[in-house]
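First up is the structure itself, then whatever we jot down about it.
Counting starts at 1 for both ligands and their atoms, following the listed order.
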Amino acid sequence: MSFRTVEEQLERVLAQVRRHPPITVPLDQAHGRTLASDALAISAVPVFDNSAMDGFAVRFADVVGASPDHPVTLRVIADIPAGSDIDPALAPGEAARIMTGSPAPTDADAIVPFEDTAGGLADSLETAIVQHAPQTPGAHIRRAAEDTAVGDVVLTAGTLIGARQLGALASAGIAQVAVAPRPKVAIVSTGSELVAPGQPLRRGQIPESNSSLLAGLAVDAGAEIVLRRSVDDEGDGPAEAVAEARSRGADAIIFSGGVSAGAYEIVKQSLAGAMEFTKVAMQPGKPQGFGATDEGMLLFGLPGNPVSAAVSFEVFVRPALMRMQGRASVHRPRMLLPAGSDWRTPPGRRQYLPAVIDRTDPARPVVRPATKGGSGSHLSVGLGVAEVYAIIPAETEQVSAGDLIEVMEL
Ligand code: AMP
Ligand code: MG
């Protein structure tokens, strides 16, 4: 029996992804979105030549010989607080008191910090007694545009806008950005055993957890949740959910459960015509359903075990949501780490094992399974402590401590 590879299945998924035209949003609505076009600086960074220190703006030639034994006394003829627009002329022997970020006078070509003068802040509006010469002309002056010039690319299309990116954009005078619309996602859990978390459980019932998991993962991936519901294993719940998701303009619907080989596989039964059900050479996550409607809504049928659903999301759904948003890379970053223990892996299937990074020796972090129980796809609490997925090739059957393991950062 030959299973489809992860790459073959992912290729089929990505081939169905459709993108919407970009929208323009103010910066305060841009957090977590993806830039749709290069963002160009409206103003330079820094905007103008300015002081990097609190001290005195001076003419370098005046103070070049200053030392503790031969201090140079300058007359202070102006005071330049932050926000000031003055540009005082400096004659030989003159200085201006200046604060960090204030515009450096055109006539000044160095800043002497207070700590290099005899008086410091005291008497700083009268004289500056310079005891240490600045190192070079231009010392402690931040030059206009040394970070970014007007019109320079601040961030490229496809960049995720996080906090640091918001800061960079704002500092370059950018008030609004073209971004990808948030993918609209519907989350549908299937199973007659499921009840809302916190509800009393009669024998046979369990708390429904996949919708919390999958909605959270989708939001983390930049999506907006437009529908969230559970359906039982009888009737036509999945097809009805598809109709509801479509009416809400969903770009993707994510089912969990009901796609494997049992007797009550409701997603398989209800959506047989709309989705393809297949087996992928991975563990967990072997049974996968996928399809797309005529309008381009993606239909994902993930297996129901919580770890299987989580891994399947990472492997197939997240890349699709990234592609929908035009993200520069659709994949999570990966790195190699030595294994910190031994574990067995299934033959013929690529393993995605929830794992933690043991940093006991910070110079040599190692990767360990997140749960003592190993790779069980039902170990949903173990998933809560996982920091990475260890990815073990299909050919490997045994991992030994010290083996270099590829891990997917989460
Ligand atoms: P299924 O893929 O429907 O056969 O489900 C596999 C296992 O995952 C079963 O033990 C289900 O009870 C469990 N499961 C399915 N869906 C959920 C869910 N939404 N929340 C928690 N467990 C689930
Ligand atoms: Mg089920």
Side-chain angles (χ1 to χ4, degrees), residues 3-4 9 185-220 223 225-242 244-245 252-272 274-291 299-318 346 349 352-354 370-371 373-386:
F3 297 156
R4 195 173 280 170
Q9 181 70 0
V185 169
I187 308 281
V188 182
S189 297
T190 71
S192 299
E193 73 280 28
L194 306 174
V195 297
Q199 292 300 110
L201 303 172
R202 66 150 169 76
R203 179 174 166 79
Q205 292 182 325
I206 62 168
E208 194 284 303
S209 62
N210 285 349
S211 72
S212 300
L213 166 78
L214 295 169
L217 289 171
V219 166
D220 284 352
I225 307 302
V226 295
L227 175 68
R228 181 169 162 177
R229 74 158 55 142
S230 293
V231 300
D232 63 27
D233 288 327
E234 282 141 47
D236 216 12
E240 287 161 19
V242 168
E244 178 69 24
I253 183 166
I254 307 171
F255 290 98
S256 63
V259 298
S260 53
Y264 307 98
E265 307 294 4
I266 189 66
V267 176
K268 244 180 169 172
Q269 289 163 22
S270 182
L271 293 170
M275 290 168 81
E276 182 203 28
F277 295 91
T278 185
K279 289 183 175 139
V280 180
M282 59 191 282
Q283 192 270 331
K286 181 173 71 171
Q288 292 289 331
F290 178 71
L299 314 171
F300 290 97
L302 311 184
N305 270 306
V307 182
S308 312
V311 165
S312 302
F313 183 97
E314 287 302 330
V315 173
F316 302 116
V317 184
R318 188 175 181 280
R349 291 157 72 190
Y352 291 86
L353 183 70
T371 57
S375 66
S377 57
H378 59 293
L379 301 171
S380 51
V381 169
L383 190 61
V385 301

(message) Measuring only between side-chain heavy atoms, which start at C-beta, is Val317 closer than 4.5 Å to Ile254?
(response) yes
(request) For atom 22 (N) of ligand 1, grab the closest protein heavy atom and report residue, atom and distance to one decimal in Å. (result) Ile206 CD1, 3.5 Å
(message) If I compare all heavy atoms of Ser209 with all of Pro306, which pair ends up nearest, and what's the gap?
(response) OG-CG, 4.0 Å
(request) Around atom 6 (C) of ligand 1, find the nearest protein heavy atom and jot down its residue, atom name and distance. (result) Asn305 N, 3.6 Å
(message) When you compare ligand 1 with Glu265, is there at least one nitrogen or oxygen pair between them that comes in under 3.5 angstrom?
(response) no
(message) Starting from atom 11 (C) of ligand 1, what is the nearest protein heavy atom, named by residue and atom, and what distance separates them?
(response) Glu193 OE2, 3.1 Å
(request) Please indicate whether any nitrogen or oxygen in Gly258 is less than 3.5 Å from any nitrogen or oxygen in ligand 1. (result) yes
(message) Quick one: does any side-chain atom of Glu314 pair with a main-chain N or O of Val311 as donor and acceptor, under 3.5 Å?
(response) no
(message) Could you work out, with side chain to side chain donor-acceptor pair (under 3.5 Å) as the rule, every residue matching Ser212, not counting sequence neighbours?
(response) Arg228
(message) I'd like to know if the side chain of Ser192 and the backbone of Asp233 have a donor-acceptor N/O pair within less than 3.5 Å.
(response) yes
(request) Would you mind running through ligand 1 and noting each atom that sits below 4.0 Å from a heavy atom of Ser189? (result) 19 (N)
(message) Using the ring centroid of each side chain, check whether Phe300 and Phe290 are separated by less than 6.0 Å.
(response) yes
(request) Return the residue, atom name and 0.1 Å-rounded distance of the protein heavy atom closest to atom 20 (N) of ligand 1. (result) Ser209 N, 3.0 Å
(message) Pairs of nitrogen or oxygen atoms closer than 3.5 Å, one from Gly304 and one from ligand 1: do any exist?
(response) yes
(message) Quick check against the 3.5 Å criterion: does Arg349 have a side-chain atom that pairs as donor or acceptor with the backbone of Met282?
(response) yes
(request) Report the part of Pro207 (side chain from C-beta onward, or backbone N, CA, C, O) that has a heavy atom under 4.0 Å from ligand 1; answer both or neither where that applies. (result) backbone
Quiz: residues 193-203 side-chain donor-acceptor pairs under 3.5 angstrom, not counting sequence neighbours:
none

(request) Could you tell me whether Arg229 and Glu240 make a salt bridge, using a distance below 4.0 angstrom between a side-chain N and a carboxylate O? (result) no
(request) With heavy atoms of Thr190 as the reference, note each atom of ligand 1 found under 4.0 Å away. (result) 16 (N)
(message) Show me which atoms of ligand 1 lie under 4.0 Å from any heavy atom of Glu208.
(response) 18 (C), 19 (N), 20 (N)
(request) Examine Ser211 against ligand 1 and note whether any of their N/O atoms are separated by less than 3.5 Å. (result) no
(message) Could you identify the single nearest non-hydrogen protein atom to atom 4 (O) of ligand 1 and state the distance to 0.1 Å?
(response) Ser260 OG, 3.9 Å
(message) To check your reading of the model: name the closest protein heavy atom to atom 17 (C) of ligand 1, its residue, and the distance in Å.
(response) Asn210 ND2, 3.3 Å
